[in-house]
Amino acid sequence: MTKSHLLGAVALAALAFAMPAAAQDCERGDLDDRYCDTDGDLIADIPTDAADQIDPDTLIFAYTPVEDPAVYETAWADFLAHLEAATGKDVVFFPVQNNAAQIEAMRSGRLHIAGFNTGSNPLAVNCAGFRPFTIMAGEDGSFGYEMEIITHPDSGITEVADIAGGQLAFTSETSNSGFKAPSAILASEFGMSAGEDFEPVFSGKHDNSILGVANKDYPAAAIANSVKARMLERDVVTDDQLVTIYTSQTFPTTGYGTVYNLTPELQQSIRDAFFSFDWEGTSLAEEFGKNGESQFLEMTYQEFWDVIRKIDAANGVSYACE
């Protein structure tokens with residue numbers, strides 16, 4: 001399907017979306033009232049009533065807006081062609097500009113398959129009925145990225161404490177590495193709070209923060225080093241423009257999955273497509289191989305996102321839908 005058909009496809013997808021209008025009487029944990037979690041795996045159950053399931057002719061896919069969407073429409077092209085063949089559906093890449101818009105697109109029925117970034121996963125799970133099941137990994141099964149606090153060589157900042165009294169760029173409040181993890185780490189390890197010990201600013205995306213530091217618009221920024229690695233590989237920035245002063249523990253990277261109310265058969269076909277994709281020589285390998293990623297690894301939200309939920313709890317993050 002061509003890009004010219006994108007808006008029409010999205011609109012049709014929204015019309016085809018059947019969403020329960022009222023809260024259901026079921027176990028749900030932190031999930032929104034429209035979802036159930038009877039098996040306790042922390043994600044929304046597939047509706048048991050076939051009338052509440054959907055089987056759209058066109059599937060809408062979106063990748064987390066960590067960088068320029070145009071870069072990733074090309075990167076995902078070979079995988080989406082594979083997904084079309086595996087499901088027998090048209091598949092459209094839907095460029096989203098921010099995390100909130102991506103979550104709202106799935107919650108309102110305009111998005112069926114997605115990669116949500118680390119920090120947005122809990123919100124997507126609880127508010128949009130997102131059912132993640134895989135992440136990218138290296139050939140040896142290794143996965144994840146670290147949060148880094150970066151600066152530029154002329155900033156005068158040589159350690160985290162030097163940020164005090166100055167400015168620190170975050171990406172968005174839904175980002176793990178771009179806001180939630182550094183906020184918790186700065187408070188617990190360094191006794192520093194935004195608004196009290198430094199001025200927080202928000203760039204919107206990781207590439208904006210990285211470019212902002214490289215161009216000396218920001219003295220320092222909290223970013224995901226996986227994004228930095230890809231930008232270095234593409235020569236968007238260079239090593240001599242950036243200095244890392246803090247590196248965190250490893251966090252899970254983007255989680256991929258489906259909206260909860262696709263038919264079980266369609267969800268299984270999509271799942272099978274991820275795990276049957278041959279990366280070698282593809283546009284996906286060309287882009288994400290820069291991070292050493294070469295396969296989709298099966299995972300569970302309950303296990304892999306445990307550390308992220310703990311960071312959210314430390315920051316007082318609510319999963320209530322607004």
Side-chain angles (χ1 to χ4, degrees), residues 1 5-64 80 83-84 86-94 96 99-116 120-134 255-275 298-302 305 309 318-322:
M1 179 173 291
H5 294 119
L6 173 61
L7 294 179
V10 172
L12 288 172
L15 290 173
F17 193 79
M19 182 73 74
Q24 304 176 65
D25 183 16
C26 59
E27 295 294 326
R28 61 176 53 88
D30 289 332
L31 297 177
D32 188 62
D33 286 351
R34 65 178 68 182
Y35 313 121
C36 292
D37 178 24
T38 57
D39 57 5
D41 62 359
L42 306 186
I43 62 175
D45 298 339
I46 301 173
T48 55
D49 188 341
D52 293 327
Q53 300 169 5
I54 61 170
D55 188 18
D57 292 332
T58 298
L59 295 172
I60 312 300
F61 172 89
Y63 177 63
T64 182
L80 297 188
L83 187 60
E84 286 188 331
T87 61
K89 308 281 188 179
D90 289 327
V91 180
V92 171
F93 183 91
F94 181 30
V96 289
N99 298 318
Q102 188 182 21
I103 292 170
E104 178 55 30
M106 181 165 282
R107 180 174 169 84
S108 63
R110 294 178 286 114
L111 179 59
H112 307 117
I113 310 165
F116 282 97
S120 292
N121 252 265
L123 288 169
V125 165
N126 288 288
C127 291
F130 180 50
R131 290 170 53 87
F133 58 81
T134 186
Y256 300 90
T258 62
V259 70
Y260 82 113
N261 62 342
L262 297 179
T263 65
E265 296 79 13
L266 181 54
Q267 291 195 44
Q268 187 62 52
S269 294
I270 294 167
R271 185 186 185 98
D272 291 345
F274 274 88
F275 297 129
E298 187 170 8
M299 64 84 175
T300 66
Y301 168 77
Q302 187 170 26
W305 258 257
R309 294 193 299 273
S318 169
Y319 297 147
C321 309
E322 298 179 358

>> Working to the nearest 0.5 angstrom, can you tell me the gap between Met106 CE and Ile113 CD1?
In response: 8.5 Å
> Does some side-chain heavy atom of Pro56 sit less than 4.5 Å from a side-chain heavy atom of Leu262?
Replying inline: yes
>> Using a strict threshold of under 4.0 Å (side-chain N to carboxylate O), is an ion pair present between Asp32 and Arg107?
In response: yes
> In Å and rounded to the nearest 0.5 Å, what is the OG to CD1 distance from Ser108 to Ile103?
Replying inline: 11.5 Å
>> To the closest 0.5 Å, what do you measure between CG (Asp55) and CG (Asp57)?
In response: 7.5 Å
>> I'd like to check Thr64 versus Phe116 (side-chain heavy atoms, cut-off strictly below 4.5 Å). Are they in contact?
In response: no
>> So, applying side chain to side chain contact (heavy atoms under 4.5 Å, CB included) with Lys89, which one of Leu266, Leu83, Thr58 is it?
In response: Leu266
> Can you tell me how far OG1 of Thr258 sits from CD of Gln267, rounded to the nearest 0.5 angstrom?
Replying inline: 3.5 Å
> Is the distance between the ring centroids of Phe274 and Phe133 less than 6.0 Å?
Replying inline: yes
> Of the non-hydrogen atoms in Gln102 and Val96, which two are nearest, and what is the gap between them?
Replying inline: CB-CG2, 3.9 Å
>> Does any part of the side chain of Thr300, heavy atoms only, come nearer than 4.5 Å to the side chain of Asp41, both counted from C-beta?
In response: no
> Shortest non-hydrogen contact from Phe130 to Asn121?
Replying inline: CE2-OD1, 3.3 Å
>> Which heavy atom of Ala320 sits nearest to which heavy atom of Cys127, and what is that distance?
In response: C-SG, 4.0 Å
> Taking the six-membered ring for Trp, are Tyr256 and Phe61 parallel (under 30°), tilted (30 to 60°) or perpendicular (over 60°)?
Replying inline: parallel
> Tyr301 ring centre to Arg309 NZ or CZ under 6.0 Å, with the angle to the axis within 45°?
Replying inline: yes
> Taking all atoms of both residues into account, what is the closest heavy-atom pair of Ala128 and Tyr35, and its distance?
Replying inline: C-OH, 3.1 Å
> Is any side-chain heavy atom of Ile60 closer than 4.5 Å to a side-chain heavy atom of His112?
Replying inline: yes
>> If you compare all heavy atoms of Ala44 against all heavy atoms of Gly129, which two are closest, and at what distance to 0.1 Å?
In response: CB-CA, 4.2 Å
>> Restricting to non-hydrogen atoms, name the atom on Ser269 and the atom on Ala86 that form the minimum distance, rounded to 0.1 Å.
In response: CB-O, 4.4 Å
>> Quick one, Leu123 with Asn99, criterion side-chain contact (heavy atoms from CB on, under 4.5 Å). Give me CA distance, side-chain angles, the key distance, then yes/no.
In response: CA-CA 10 Å; Leu123 288 169; Asn99 298 318; over 6 Å; no
>> Within the 4.5 Å heavy-atom criterion, are Ile43 and Tyr260 side-chain neighbours or not?
In response: no
> Between CG of Leu42 and CG of Asp30, what distance do you get to the nearest 0.5 Å?
Replying inline: 8.0 Å
> Can you tell if the side chain of Asp39 reaches within under 4.5 Å of the side chain of Asp45, non-hydrogen atoms only?
Replying inline: yes
> Taking atom CD of Gln268 and atom OG1 of Thr87, what is their separation to the nearest 0.5 Å?
Replying inline: 13.0 Å
